[in-house]
S.K.: 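Just passing along the structure, written as structure tokens.
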Amino acid sequence: MGYLDNTSVTVDAVLTKLGRQRLAEGNLNITKFALSDDEVNYALYDTAHSLGTAYYGEAIERMPVLEAFTNDTQALTNKLVTLPKNTQVLPVVTCAQSAISLTQPGQTAVLTPQTLNIVGANAAGYTFVIGNTDIVSMRIDGSVGESPAGMSAEDSQAFSRAASRNLQTSFPKTGNKLSGTLNGFAVKLTAYSITQTQSTTLTITGIETGGTVTVPVTISRDTTLD
């Protein structure tokens with residue numbers, strides 16, 4: 001990872017594994033993109049700058065910008081969203097559980113998020129990112145949702161295929177505390193047998209709205225291993 005030269009306008013794109021596969025097949029068709037302001041510190045906006053209004057944002061514009069990378073738990077954590085005109089409130093993703101605590105191996109919890117303030121905002125479902133797949137398994141529970149509005153027929157089919165795979169996906173324990181990502185309407189978490197109590201987070205993001213909620217997840221040690 002490195003920094004980009006921010007003295008000129010630069011677009012730095014890195015394809016994911018799926019993107020490289022589509023490119024090799026001659027079937028790479030980018031129809032949507034996401035933006036974020038992860039690397040912007042708005043506290044540096046200086047309305048008292050001695051040189052006037054044109055320099056209020058100078059410090060922000062000179063901040064270093066990271067090269068593109070494909071780790072979805074680190075990139076685009078603060079997505080910019082497009083909402084209907086005259087929207088007066090932001091979408092808020094909520095969950096019945098403010099925290100999850102699983103005290104024995106095999107114990108489960110199902111999380112079904114909802115989006116407030118925006119009508120029909122959860123039609124395409126949510127992205128679920130679990131921070132550590134070595135202590136808890138995550139599977140989609142129930143329906144995986146519809147393809148987002150405005151998708152081409154080809155992209156809609158690809159969305160459906162990916163959604164079907166999500167229903168069958170589980171993440172192997174690697175010992176490297178890797179994250180796992182799935183799309184759907186709800187997820188089921190199942191505690192693994194572990195020797196020490198550990199914690200991680202489950203981040204839930206609305207696919208269409210960008211609304212996000214983070215739920216702490218704690219898995220207790222397996223006392224039968226004593």
S.K.: Would a distance-only check, ignoring hydrogens and angles, find a side-chain to backbone donor-acceptor pair under 3.5 Å from Thr212 to Gly210?
M.R.: yes
S.K.: Closest heavy-atom contact between Gly211 and Val93?
M.R.: O-CG2, 3.2 Å
S.K.: So Leu90 and Asn117, do their side chains get closer than 4.5 Å, heavy atoms only?
M.R.: no
S.K.: Treat each ILVMFWY residue as a node, draw an edge where side-chain heavy atoms are under 4.5 Å apart, and state whether Tyr192 and Leu225 are in one component.
M.R.: no
S.K.: Between Val187 and Ile140, does a side chain to side chain contact (heavy atoms under 4.5 Å, CB included) hold up when you go through it step by step?
M.R.: CA-CA 4 Å; Val187 289; Ile140 291 298; 3.8 Å; yes
S.K.: As an exercise, state the distance from CD of Gln198 to CD1 of Ile219, rounded to the nearest 0.5 Å.
M.R.: 9.5 Å
S.K.: Report yes or no: does Asp134 contribute a side-chain atom to a donor-acceptor pair with the main-chain N or O of Gly175 at less than 3.5 Å?
M.R.: yes
S.K.: Grab the two heavy atoms, one from Ala191 and one from Val136, that are nearest each other, plus how far apart they are.
M.R.: N-CG2, 4.2 Å
S.K.: Can you see which heavy atom on Pro216 is nearest to which on Ser98, and at what distance?
M.R.: CD-O, 3.2 Å
S.K.: Using atom types as modelled, flag every donor-acceptor pair under 3.5 Å from a side chain in residues 101-108 to any protein atom, sequence neighbours excluded.
M.R.:
| unit_1 | atom_1 | unit_2 | atom_2 | d |
| --- | --- | --- | --- | --- |
| Thr103 | OG1 | Gln107 | OE1 | 3.1 |
| Gln107 | OE1 | Thr103 | N | 2.8 |
| Gln107 | OE1 | Gln104 | N | 3.4 |

S.K.: Quick check: are there more than 12 heavy atoms from other residues, nucleotides or ligands sitting under 6.0 Å from CD of Glu25?
M.R.: yes
S.K.: So which heavy atom on Ile204 is nearest to which on Pro113, and how close?
M.R.: CG2-CG, 3.7 Å
S.K.: Is there a donor-acceptor pair under 3.5 Å between the side chain of Tyr56 and the backbone N or O of Thr47?
M.R.: yes
S.K.: Would you list the pairs meeting salt bridge (Lys or Arg N to Asp or Glu O under 4.0 Å) in which at least one residue belongs to residues 48-60, sequence neighbours left out?
M.R.: Glu58-Arg62
S.K.: Any chance you could measure Ile100, atom CD1, to Ser199, atom OG, to the nearest 0.5 Å?
M.R.: 12.0 Å
S.K.: How many angstroms lie between atom CG of Asn176 and atom OG1 of Thr133, to the nearest 0.5 angstrom?
M.R.: 9.0 Å
S.K.: Distance-only, no hydrogens or angles: does the Thr200 side chain make a donor-acceptor pair with backbone N or O of Asn132 under 3.5 Å?
M.R.: yes
S.K.: Checking side chain to side chain contact (heavy atoms under 4.5 Å, CB included) for the pair Thr94/Val213: CA distance, chi angles, key distance, verdict?
M.R.: CA-CA 7 Å; Thr94 65; Val213 64; over 6 Å; no
S.K.: Find out if a path of hydrophobic residues (ILVMFWY) with successive side-chain heavy-atom gaps under 4.5 Å connects Ile60 to Tyr55.
M.R.: no
S.K.: Check whether Leu189 and Ile194 end up in the same hydrophobic cluster, where Ile, Leu, Val, Met, Phe, Trp and Tyr are linked by side-chain heavy atoms less than 4.5 Å apart.
M.R.: yes
S.K.: Could you report the tightest heavy-atom contact between Ser179 and Val129, atom names first, then the distance?
M.R.: CB-CG1, 4.4 Å
S.K.: Any chance you could measure Leu111, atom CG, to Phe128, atom CZ, to the nearest 0.5 Å?
M.R.: 7.5 Å
S.K.: If only atom types and distance count, is the side chain of Arg20 paired as donor or acceptor with the main-chain N or O of Leu15 below 3.5 Å?
M.R.: yes
S.K.: With salt bridge (Lys or Arg N to Asp or Glu O under 4.0 Å) as the rule and sequence neighbours excluded, what pairs involving residues 210-221 come up?
M.R.: Arg221-Asp226
S.K.: How close do Phe185 and Tyr126 get, heavy atom to heavy atom, and via which atoms?
M.R.: O-CD1, 4.2 Å
S.K.: Look at the side chain of Gln97 and the backbone N and O of Val110, then say whether any donor-acceptor pair between them is shorter than 3.5 Å.
M.R.: yes
S.K.: OG of Ser137 to CD1 of Ile130: how many Å apart, nearest 0.5 Å?
M.R.: 9.5 Å
